[in-house]
> 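Could you have a look at this structure, given as structure tokens, before my questions?
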Number of protein chains: 2
Amino acid sequence: MFSIGDLSRRTGVKVPTIRYYEQMGLLEAAERSEGNQRRFGKRELERLAFIRHARDLGLTIESIRELIDLSGHAEKPCADADRIAKEQLASVRDRIAQLKRLEKELERIALCCTGETVGDCHVIRALSNHALCATDH
Amino acid sequence: MFSIGDLSRRTGVKVPTIRYYEQMGLLEAAERSEGNQRRFGKRELERLAFIRHARDLGLTIESIRELIDLSGHAEKPCADADRIAKEQLASVRDRIAQLKRLEKELERIALCCTGETVGDCHVIRALSNHALCATDH
DNA sequence: ACAATATCTCTAGTGGCTGGAAGTCTAAGG
DNA sequence: CCTTAGACTTCCAGCCACTAGAGATATTGT
């Protein structure tokens with residue numbers, strides 16, 4: 001049995017964040033000490049690691065809730081879990097594609113600066129005039 | 001002179017967002033009609049396009065405020081504008097790199113699903129066990 | 001003149017935390 | 001056993017960049 005601070009140190013999840021996950025229903029309400037402090041065991045540690053991992057992969061709290069619900073029903077087909085992961089993959093790929101377009105545009109804008117004054121600054125001119133852009137965004 | 005709705009249609013920026021930009025000080029307080037409705041001209045249209053463009057490129061409101069301040073001082077050197085653009089480029093590149101690591105991890109997780117039940121679902125197992133990950137995150 | 005649409009201000013909500021205040025509990029040292 | 005430092009509790013506010021809604025007023029078209 002360890003305290004919320006211990007759990008935090010073991011998982012790298014900040015204390016207020018752990019309480020937040022509990023409030024959001026990702027962690028079940030923890031047992032309490034006589035003095036009303038939370039006490040966690042191995043099970044909670046593992047679940048928190050799961051949550052942290054999923055968050056690191058960009059899954060929303062809502063998706064994680066779904067996955068936790070699913071994992072409680074070992075007999076169901078795992079199509080839903082699969083769908084959540086695939087949707088997340090698709091959304092990550094979308095964001096990468098979008099950021100690459102931005103990168104191109106910013107390169108054009110930022111790398112052309114010739115170090116003169118604001119009056120003829122390429123950065124500001126480029127931002128003022130969308131027509132100078134190579135891609136649409 | 002056009003109304004906020006006209007401005008919205010011309011720039012693709014939603015009406016409440018225009019009011020929000022005014023509130024944030026990116027747009028100067030607009031002239032008003034007799035009945036207290038905002039009236040905009042070409043100047044405001046151009047500035048809003050500038051703002052929209054910068055936002056599309058991922059610049060924060062704060063950075064845009066800086067750029068607007070700068071653009072009012074045509075005689076100053078444009079190093080600051082250049083720095084803002086370069087910082088944004090660096091941050092975009094960071095995010096791309098991070099998302100690519102995620103993409104790899106999600107591919108491994110999502111594409112291995114063999115369509116069985118939750119009990120032996122690869123997605124859920126992978127999320128439960130960080131040790132299965134190829135990269136650190 | 002009237003109806004339909006647009007605008008006004010103000011407030012609150014989004015997601016995923018993060019920080020602070022004010023009070024209570026626990027663990028270690030003396 | 002007592003003290004004290006630190007960890008813990010709850011509750012509330014704030015972050016960013018909007019977005020939505022209520023209820024009142026203005027404008028526009030017929």
> Is there side-chain contact between B:Gln88 and A:Leu106, with at least one heavy-atom pair below 4.5 Å?
yes

> Restricting to salt bridge (charged side-chain N to carboxylate O under 4.0 Å, His left out), what partner residues turn up for B:Asp94, sequence neighbours left out?
none

> Rounding to an integer number of Å, can you tell me how far B:Phe2 CZ sits from C:dT7 C1'?
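These atoms are roughly 16 Å apart.
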
> To the nearest angstrom, how far is A:Ile51 atom CD1 from C:dG15 atom C1'?
16 Å

> When the distance from CD1 of A:Ile4 to P of D:dT10 is rounded to whole Å, what number comes out?
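So the two atoms are 8 Å apart, to the nearest Å.
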
> One thing to verify: whether B:Glu22 and B:Arg19 come together as a salt bridge, which I'm taking to mean a side-chain N less than 4.0 angstrom from a carboxylate O.
no

> Less than 4.5 Å apart, side chain to side chain, heavy atoms only: is that true for B:Lys100 and A:Arg93?
no

> Applying a strict under-4.5 Å side-chain criterion to I, L, V, M, F, W and Y, I'd like to know whether A:Leu27 and A:Met1 cluster together.
no

> Grab the CZ-C1' distance between A:Arg39 and D:dA7 for me, whole Å please.
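These atoms are roughly 10 Å apart.
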
> Whole angstrom is fine here: how far is it from CG in B:Asp6 over to C1' in D:dT28?
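Interatomic distance, CG of B:Asp6 to C1' of D:dT28: 12 Å.
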
> Kindly say if A:Ser3 contacts the phosphate of D:dA7, meaning a side-chain N or O under 4.0 Å from OP1 or OP2.
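No, outside the criterion.
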
> Enter the distance from A:Ile109:CD1 to B:His53:NE2 here, rounded to the nearest 0.5 Å.
5.0 Å

> Looking at D:dC18, D:dT27, D:dA7, which one has an atom nearest to any side-chain atom of A:Gln37?
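Of D:dC18, D:dT27, D:dA7, D:dA7 is nearest to the side chain of A:Gln37.
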
> Starting at CG of A:Leu67, measure out to OG of A:Ser63 and round the result to the nearest 0.5 Å.
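If we round to the nearest 0.5 Å, A:Leu67:CG and A:Ser63:OG are 6.5 Å apart.
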
> Tell me which residues in residues 9-23 of chain A lie within less than 4.0 Å of DNA chain D, going by non-hydrogen atoms.
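Output list: A:Arg19.
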
> Let me confirm one number: the CD-CD distance from B:Glu107 to B:Glu105, rounded to the nearest 0.5 Å.
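Taking CD in B:Glu107 and CD in B:Glu105, the distance rounds to 10.0 Å.
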
> Between A:Leu59 (CG) and C:dC17 (P), how many Å, whole number?
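Atom CG in A:Leu59 sits about 12 Å away from atom P in C:dC17.
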
> In whole Å, I'd like the distance from the CD atom of A:Glu62 to the C1' atom of C:dG16.
14 Å

> Decide whether a cation-pi geometry holds between B:Arg39 and B:Phe2; the criteria are a distance under 6.0 Å from NZ or CZ to the six-membered ring centre and an angle within 45° of the ring axis.
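No, a cation-pi geometry is absent between B:Arg39 and B:Phe2.
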
> Ignoring backbone atoms, test whether B:Arg38 places a side-chain nitrogen or oxygen under 4.0 Å from the OP1 or OP2 oxygen of C:dT7.
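No, no such contact exists.
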
> Whole angstrom is fine here: how far is it from CE in A:Met1 over to P in D:dC8?
15 Å

> Specify the residues of residues 29-36 of chain A, ordered by number, for which at least one heavy atom lies under 4.0 angstrom from an atom of DNA chain D.
A:Arg32, A:Asn36

